[in-house]
Amino acid sequence: MIACLKNGDTPKGRPFCRHTLPVFKQTPAEREEAIQIAREIYGYIRVSTRDQNEDRQTAAMEELAIPEENVFLDKQSGKDFNRPAYRRMVRRLRPDDLLYIKSIDRLGRSYEEILEQWRVLTKEKRVDIVVLDMPLLDTRRGKDLMGTFLSDIVL
């Protein structure tokens, strides 16, 4: 198998594809390195109107060194999830990618719809989510029942 990482590099020159398991035997440290290299990082920013300022959210994404092409910005209401940038981002997300959001209310306004999108992203798409203003909402921690339970309580 040939590498399919963006720049064509492979960990330690070995063939690796982010969409499949590595085709070579790895030590646990090499496996962790390959996973970290393969993971894409995304950011989502939303303001309710064109007049609102997204600078605070943008600065948070810049501090995390998220590539500009992986930051998605919507300037519209959070009443539903029919937002162009959000939809584009969801289509690009792959298993094990990491999504940063400044605060949970930037995801949406409706509690039920936020819960549904959280489920879609974490269970169906298998993406990790970090809500910067709420450290308990970090799905990188606790992929077990306790982590799920904590997220459910906080949400």
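Remember, it's a predicted structure, so these values are computed and weren't measured experimentally. Keep in mind that the numbers below use all heavy atoms, side chains included, and drop hydrogens, waters and symmetry copies.
For the pair Y42 and V71, the minimum side-chain heavy-atom distance is 4.5 Å or more. I104 is listed as a side-chain neighbour of M134, based on a closest heavy-atom distance under 4.5 Å. The shortest side-chain heavy-atom distance between Q76 and P84 falls under the 4.5 Å cut-off. Counting heavy atoms from C-beta outward, I101 and L137 have side chains that stay 4.5 Å or more apart. Between V47 and Q57, the closest side-chain pair of non-hydrogen atoms falls below 4.5 Å. Between T139 and W118 the shortest side-chain heavy-atom distance falls below 4.5 Å.
A salt bridge is defined here as a Lys NZ or Arg NE, NH1 or NH2 lying under 4.0 Å from an Asp or Glu carboxylate O, and R39 with D128 meets this definition.
Evaluation of the salt bridge (Lys or Arg N to Asp or Glu O under 4.0 Å) test over residues 104-118, restricted to residues two or more places apart or in two chains, returns E116-R119.
By the salt bridge (charged side-chain N to carboxylate O under 4.0 Å, His left out) test, K79 is found to be paired with no residue, residues two or more places apart in sequence or in another chain being considered.
E124 CD: more than 12 foreign heavy atoms inside a 6.0 Å radius.
With K102 as the partner, the side-chain contact (heavy atoms from CB on, under 4.5 Å) test is satisfied by one option alone out of R46, R56, E54: R56.
The aromatic rings of Y44 and Y86 sit perpendicular, their planes meeting at an angle over 60°, well past the 30° parallel limit.
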